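Treat the numbers as computed from the prediction; the structure is a model and nothing was measured. Letters A, B, ... mirror the listed sequences (proteins, then strands); counts begin at 1.
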Number of protein chains: 2
Amino acid sequence: MPKNICIFEIMKTPQKRTTIYDIAKKLNIAASSVSRALSNSSKVNPATKALILKTAAEMNYQQNVMASNLRKGSNRTIGVVVPRINQGYFSNIIAGMEDITYNKGYNLIICQSNELHSREVDCVNALINQHVNCIVISIAAEQGGHEHLQQVLDHRIRLIQFDRVVDELETFKVINDNERASSEAVSHLIQQGYQRIALLEGPQNLDIFRQRKEGYLSALRKHGLPVLEELMCENAWTKELSAEATRKLLEMKNPPDAIFASTSDFSALGVLEVATQMGISVPEQLGICGYSNEPFTEITSPSITTIDQYSFSMGKTIANLFFQEMEVADLHIEPKIMSIKPKLLVRKSTQRL
Amino acid sequence: MPKNICIFEIMKTPQKRTTIYDIAKKLNIAASSVSRALSNSSKVNPATKALILKTAAEMNYQQNVMASNLRKGSNRTIGVVVPRINQGYFSNIIAGMEDITYNKGYNLIICQSNELHSREVDCVNALINQHVNCIVISIAAEQGGHEHLQQVLDHRIRLIQFDRVVDELETFKVINDNERASSEAVSHLIQQGYQRIALLEGPQNLDIFRQRKEGYLSALRKHGLPVLEELMCENAWTKELSAEATRKLLEMKNPPDAIFASTSDFSALGVLEVATQMGISVPEQLGICGYSNEPFTEITSPSITTIDQYSFSMGKTIANLFFQEMEVADLHIEPKIMSIKPKLLVRKSTQRL
DNA sequence: TATTTTTTGGCAATCGATTGCCAACTTAAA
DNA sequence: TTTAAGTTGGCAATCGATTGCCAAAAAATA
């Protein structure tokens, strides 16, 4: 034993964690019995069990999770990869998941991809490395392959995709019915008498944005309105980009009378700010609809019509999906896809009737 | 070997993870050399090392972190306990920490106490159980002891308290200078000509709220204004409670001409809403100052003066503190306290000059 | 009382990486 | 050529809980 350690042990109380061997030695029984008693096995006499439990408590025993993990090959951990932790939608998802996993004694390891594909790959690899029981992911906006997700499956780790998913990959999925929600939102605009409805699109390599566009198109068709290319703006998915796009739209000879910011409420906010600057009244001259129900949409003036995705309960759904369908089941069961219908929240920015 | 396992192995490719033993066997060398090569030890010949690395890559080797953890007694993990994950301030802290820990190959395990003391104790115990390298905590609002934090230290786990800290406990701390920031805010109000400034307080068992009150008082004293009991409202720390308190304040015979919502911007929002309802103009008749710089404060009308706590970079600071001061250092070094000075953001809700 | 069944509990291998110690080998110096 | 110093790499113990297998003991049955 190195000298410095000795000194340390003399200086401070040894404080070595008690192991099942310590308990076994003290009671003069085998460590295996202690282990069984602690895991409440029926193979140990109730009286002995009680004695062991009592002693363990007295000795302030705490299981060494690392040893248990190694032996069991599982660590009761779920890895989560999201674009950004500090974004209302995702932090609510995580909060919802934590609510469930906490009660099951599972841990959450959180990673953020920052919307970068390469970083997402790194995160996933790190989680594979950790032998997590399950990886829950919403993919980054940056274009990229999905070999890393295939790797997850190859390593026999359960995989749940949510929100932004890779369609081709057969995995469990928890998604929102973006198309239907968008269609409803646009239909609502039409019912309010808006005729020239512009669309702010997100990156079309993400399925969610394709679906929202599809919803927009189908609503127009359903109501017999023309689809006008000049009213659809690509890649307007930040507040700044949206503001820019809005400026262009509103300066057109024949400007739109409503804008559906399908990418996010931040985009909708950009729209509102530009409209206000330009002296265009909302909702009278311009209707605005956002997406996601960020808290601020309620307090802008006017308040912004948006779509609530039930993020917190979606997080719970994801966790429950794991525990109910995947935790113990065979790895090769048919993956389930759960679709949650978001809710249109009509606020002032679209009510002109 | 049980039969069903056999069947499984026949049905699916075995897919067993490659271990260092597999590599050793293939190259006809000892596992220890493989281990050393992989950890880039200088005790292995560069040529051999290269061969091992190449073979490892070919065999798709991935380290078994659980085994490594057990052996090393460390799992390169930091546990984080916060009242709520989905609260701008905390999710920013976590995002900031993740930014640093990601590059160091550390993992974050996230727990939320939901402001409940008992749940906080549970979370801390779970993290102790996990043998995390460090616990980072901001304590719950509910009153309770701090034996659980002492336990952390007793188990030789590093501990960093941030934001809401237990003062008596000698641990590393990363805090905001709440008193100074509050004092500045109130001084600003006074300079704007406000004379009767009310205070919305948070639970006084939390140090941060005591400090903010202290700052309020010291600013009043400094400027020779009287301290009026009737202008200080206890426990007004949600939007609803604040709205209620505001209503009472504004209905007084001699109402305040400014309200410092020291608890949060949500409280400030409650104030603003009530004022608007009552037809009281902000900032002319009533000045409002919040705390935390939630995103929405920028877009209310009028925008709300508030205090930015640099949450994201505070998260980085916390992580850096761990890596620079604690990761390898002796457990019994003098704990460091880092105080970050928040910044007053003057917006329209307090500018009447 | 003899035999079978059921309980109870110990032994030892296992999970996979790590590391102290020592041996073999290489290189350098005498 | 001999000795000393420095490299390289293998052996085996270790981390602590888990579990299949078997034996001893107890209980139930014949």
Side-chain angles (χ1 to χ4, degrees), chain A residues 1-5 16-53 55-56 59-76 128-131 155-156, chain B residues 1-6 16-53 55-56 59-76 105 128-131 155-156:
Chain A
M1 195 184 290
K3 279 188 291 309
N4 54 339
I5 294 289
K16 214 163 160 309
R17 289 179 118 106
T18 34
T19 70
I20 53 171
Y21 298 102
D22 300 328
I23 300 175
K25 199 178 289 168
K26 181 155 193 178
L27 296 181
N28 222 356
I29 56 176
S32 52
S33 294
V34 177
S35 173
R36 290 197 180 95
L38 290 169
S39 62
N40 206 18
S41 154
S42 61
K43 287 198 148 196
V44 43
N45 189 304
T48 325
K49 192 186 289 183
L51 177 63
I52 293 173
L53 257 39
T55 314
M59 297 176 74
N60 193 22
Y61 169 79
Q62 305 237 182
Q63 191 201 43
N64 184 323
V65 182
M66 293 186 287
S68 173
N69 286 347
L70 172 59
R71 180 59 225 244
K72 293 214 207 137
S74 149
N75 54 10
R76 295 178 81 77
I128 291 176
N129 229 250
Q130 290 276 333
H131 290 231
H155 277 91
R156 307 218 212 132
Chain B
M1 196 186 291
K3 280 190 288 310
N4 54 338
I5 295 290
C6 287
K16 215 162 158 311
R17 289 178 117 109
T18 33
T19 70
I20 52 171
Y21 297 101
D22 300 327
I23 299 174
K25 199 179 290 169
K26 182 154 188 180
L27 295 181
N28 224 355
I29 55 175
S32 51
S33 294
V34 178
S35 173
R36 290 197 181 98
L38 291 169
S39 61
N40 205 20
S41 155
S42 62
K43 288 197 147 198
V44 44
N45 188 303
T48 325
K49 192 186 286 182
L51 178 63
I52 292 174
L53 256 40
T55 315
M59 296 176 76
N60 194 22
Y61 168 80
Q62 306 237 183
Q63 191 200 43
N64 185 325
V65 182
M66 294 186 288
S68 172
N69 286 347
L70 171 59
R71 180 59 227 247
K72 292 212 207 138
S74 148
N75 54 11
R76 295 179 79 79
I128 291 176
N129 228 249
Q130 290 276 334
H131 290 229
H155 281 272
R156 306 218 212 133

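- Within 4.0 Å of B/S68, counting heavy atoms only, lie sugar-phosphate atoms of the nucleic acid but no base atom.
- As a whole-Å value, the separation of B/I52 CD1 from C/dT18 C1' is 14 Å.
- For the pair A/I23 CD1 and C/dG9 C1', the interatomic distance rounds to 16 Å; values are reported in whole Å.
- To the nearest 0.5 Å, the span separating NE2 on A/H131 from CG on B/N64 amounts to 4.0 Å.
- Contact between the side-chain N/O atoms of A/N64 and the OP1/OP2 oxygens of D/dA17 is not found at any separation under 4.0 Å.
- In the interface, the side chain of A/S32 is paired with the base of C/dC11 through a donor and an acceptor atom under 3.5 Å apart.
- Taking each heavy atom of B/A47 and B/N45 in turn, the nearest pair found is N-OD1, 2.8 Å.
- Contact annotation for B/T48: backbone-only contact, meaning every heavy-atom pair under 4.0 Å involves sugar-phosphate atoms and none involves a base.
- Residue B/Y21 has no polar side-chain atom (N or O) positioned under 4.0 Å from OP1 or OP2 of C/dT18.
- Between B/L53 and B/A37 the shortest heavy-atom distance is CD1-O, 3.8 Å.
- B/L38 CG to B/K49 NZ: the interatomic distance, rounded to the nearest 0.5 Å, is 10.5 Å.
- The CG-P distance, from A/N40 to C/dT8, rounds to 13 Å in whole Å.
- Checking C/dG16, C/dA17, D/dG10 against every side-chain atom of B/I20, the shortest atom distance belongs to C/dA17.
- Going from atom CD of A/Q63 over to atom P of D/dC15 covers 17 Å, rounded to whole Å.
- Atom C1' of nucleotide D/dA17 and atom NE2 of B/H131 are separated by 11 Å, given to the nearest angstrom.
- Distances shown here put a side-chain N or O of A/S35 below 4.0 Å from the OP1 or OP2 atom of D/dT18.
- OP1 or OP2 of C/dA17 sits under 4.0 Å from a side-chain N or O of B/Y61.
- Nucleic acid contact for A/I29: sugar-phosphate only, since backbone atoms but no base atoms lie under 4.0 Å from a heavy atom of the residue.
- Contacts of B/T19 with the nucleic acid, taken as non-hydrogen atoms under 4.0 Å apart, involve only primed sugar atoms and P, OP1 or OP2.
- Following rounding to the nearest Å, A/N75 (CG) and D/dT18 (P) show an atom-to-atom distance of 14 Å.
- For B/R36 against D/dG10, a side-chain N or O and a base N or O form a donor-acceptor pair under 3.5 Å.
- Between B/H155 and A/R17, some side-chain heavy-atom pair lies under the 4.5 Å cut-off.
- Across the interface with DNA chain C, nearest-nucleotide mapping of A/R71 and B/K43 shows A/R71 to be the residue nearer the 5′ end.
- Per the geometry, CG belonging to A/L27 stands 15 Å off C1' belonging to C/dG10, to the nearest Å.
- Whole-Å rounding puts the A/N69 CG to D/dA17 P distance at 12 Å.
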